[in-house]
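What you see is a predicted model, and the numbers here were worked out from it, not measured in a lab. Hydrogens, waters and symmetry mates play no part in the numbers below; they use all other heavy atoms, side chains included. One-based numbering, in listed order, for ligands and for the atoms of each.
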Amino acid sequence: MRVGVVGLGYVGLPLAVAFAEEGLEVVGLDADPRKVDALAEGESYIEDVPSESLAALDGKLTATGRYPDLSSCDAVVICVPTPLTNSREPDLSYMVDAATSLAAVLQKDQLVVLESTTYPGTTRERLRPILEESGLAAGRDFHLAFSPERIDPGRTDFTIRTTPKVVGGLTESCTKRAVELYSRICDEIVEVSSPDAAELTKLLENIFRSVNIALVNELAMLCERLGINVWEVVDAASSKPFGFMRFDPGPGMGGHCLPVDPFYLSYKAREHDFYTEFIELAGKINQNQPHWCVRRIERALNDAGKATNGAKVLLLGVSYKAGVGDTRESPALKIIRLLRELGADVSYHDPHVAELQDLELSSAPLDESVGSADLVCIVTAHPTIDYQRVVDDSALVIDFRGVTRGIEASNLVRL
Ligand SMILES: NC(=O)c1ccc[n+]([C@@H]2O[C@H](COP(=O)([O-])OP(=O)(O)OC[C@H]3O[C@@H](n4cnc5c(N)ncnc54)[C@H](O)[C@@H]3O)[C@@H](O)[C@H]2O)c1
């Protein structure tokens, strides 16, 4: 079997590698020639895919920028970005571009699967008509399905193989073809009745996280007023063995998924005169979180007799989550901008992020910068950092991730 993967990013590259590791011939296509060139040189640009694993593929994965190279594939999986526009509406332009190019080379009997996160109806209403411009009919001449990606960058306890894969085809035979494909790389396939159900399944998973994170973030704000330690409460509630799932408060949500995906559903709901109030409320609370963190920083400096204007503030961790280097939508970026507006002299240390080009900053050496900062602010708690030492060596520390639980020090403030 020959598989094409369109879009070789955080989702597409690990998927292409998973197929190739199972011995399938894989054609990886990306619109970015730098990625195609890097892969041709055997160099990975995704942290979860070491270059050594590319070398071990023995030529099973070839990278290209040409859509005609997909015509020999039995299946083509689309993993392009689905961001929001500036007005926070779905931006399907990457999918439309990829589908338009694919339609020009689509072959009879090919299976096309969309993996990009999107609102229910996209595969049926948006992707299908573009692919049918080929003159082939979906469900009759070619197969079409949606199967959401569940990758969690940096996670090692669940892999593509051990994470169940949801699949919904346009017809029963579309589903069957997609199940056959994914059975090569996943132990468990969960069939649903339509692409629409599969699309909404992914959104439910991410909205569930967004709403629960907002709930604990709101609780953290209330705890500050009440003088109760929110971490103590979350830890204690987590001892309940049933009916409770732990979520931690923090400086806000980041990444390509949680701050974006829920709004795909609220957009679709509006088309049906329906308002998804949980989504909007969770988005409002989570987006406000970096602003609240900056107020906490101002207060901490004030309590130490310092003004934010002119203060040296070091952020520890700027990626959107621990253990990865992805800074997309990271709350740290907003915190840096807000602190700069207040006149703070901001620097950062992050073992996974060498530089933040847009902010003209590069990662400062840990030891020197901790010692010279007026305030060290733990925004993303990378596991390789010794937080006891950070507290010992700093004038003042504010911890937005709760990693200093268990440390008591007069120079330490926790969210
Ligand atoms: N990153 C995650 O953790 C994650 C998890 C689950 C689902 N998703 C979803 O998967 C999709 C892809 O996300 P990602 O994080 O891999 O994005 P990404 O930006 O890392 O990768 C997308 C790739 O698609 C390429 N591309 C864009 N337009 C193209 C075109 N017309 N033809 C060929 N290639 C094109 C880009 O150059 C890029 O390399 C999104 O819908 C996202 O919501 C992401």
Which pairs of nitrogen or oxygen atoms, taken one from ligand 1 and one from the protein, are under 3.5 angstrom apart?
{"unit_1": "ligand 1", "atom_1": "15 (O)", "unit_2": "Arg328", "atom_2": "NH2", "d": "3.1"}
{"unit_1": "ligand 1", "atom_1": "16 (O)", "unit_2": "Tyr10", "atom_2": "N", "d": "3.1"}
{"unit_1": "ligand 1", "atom_1": "16 (O)", "unit_2": "Val11", "atom_2": "N", "d": "2.9"}
{"unit_1": "ligand 1", "atom_1": "20 (O)", "unit_2": "Tyr10", "atom_2": "N", "d": "3.1"}
{"unit_1": "ligand 1", "atom_1": "32 (N)", "unit_2": "Tyr67", "atom_2": "OH", "d": "2.7"}
{"unit_1": "ligand 1", "atom_1": "34 (N)", "unit_2": "Ala31", "atom_2": "N", "d": "3.2"}
{"unit_1": "ligand 1", "atom_1": "37 (O)", "unit_2": "Asp30", "atom_2": "OD1", "d": "2.6"}
{"unit_1": "ligand 1", "atom_1": "39 (O)", "unit_2": "Asp30", "atom_2": "OD1", "d": "3.3"}
{"unit_1": "ligand 1", "atom_1": "39 (O)", "unit_2": "Asp30", "atom_2": "OD2", "d": "2.6"}
{"unit_1": "ligand 1", "atom_1": "39 (O)", "unit_2": "Lys35", "atom_2": "NZ", "d": "2.7"}
{"unit_1": "ligand 1", "atom_1": "41 (O)", "unit_2": "Thr82", "atom_2": "OG1", "d": "2.5"}
{"unit_1": "ligand 1", "atom_1": "41 (O)", "unit_2": "Thr117", "atom_2": "N", "d": "3.0"}
{"unit_1": "ligand 1", "atom_1": "43 (O)", "unit_2": "Thr117", "atom_2": "OG1", "d": "3.3"}

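Using modelled atom types and a 3.5 Å distance limit, the side chains of His352 and Glu47 yield a donor-acceptor pair. Lys312 and Ser347 share no side-chain donor-acceptor pair at under 3.5 Å.
With a 6.0 Å radius and a threshold of 12 heavy atoms from other residues, nucleotides or ligands, Asn86 has its CG atom at or below the threshold. Within a 6.0 Å sphere centred on CG of Asp386, heavy atoms belonging to other residues, nucleotides or ligands number more than 12.
A perpendicular orientation is assigned to the rings of Phe247 and Phe208, their planes being inclined by more than 60° (bins at 30° and 60°).
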Do any side-chain atoms of residues 71-78 form donor-acceptor pairs under 3.5 angstrom with protein atoms, and if so which ones, sequence neighbours left out?
{"unit_1": "Ser71", "atom_1": "OG", "unit_2": "Pro68", "atom_2": "O", "d": "2.7"}
{"unit_1": "Ser72", "atom_1": "OG", "unit_2": "Arg2", "atom_2": "NE", "d": "2.8"}
{"unit_1": "Ser72", "atom_1": "OG", "unit_2": "Arg2", "atom_2": "NH2", "d": "3.4"}
{"unit_1": "Asp74", "atom_1": "OD2", "unit_2": "Arg2", "atom_2": "N", "d": "2.7"}

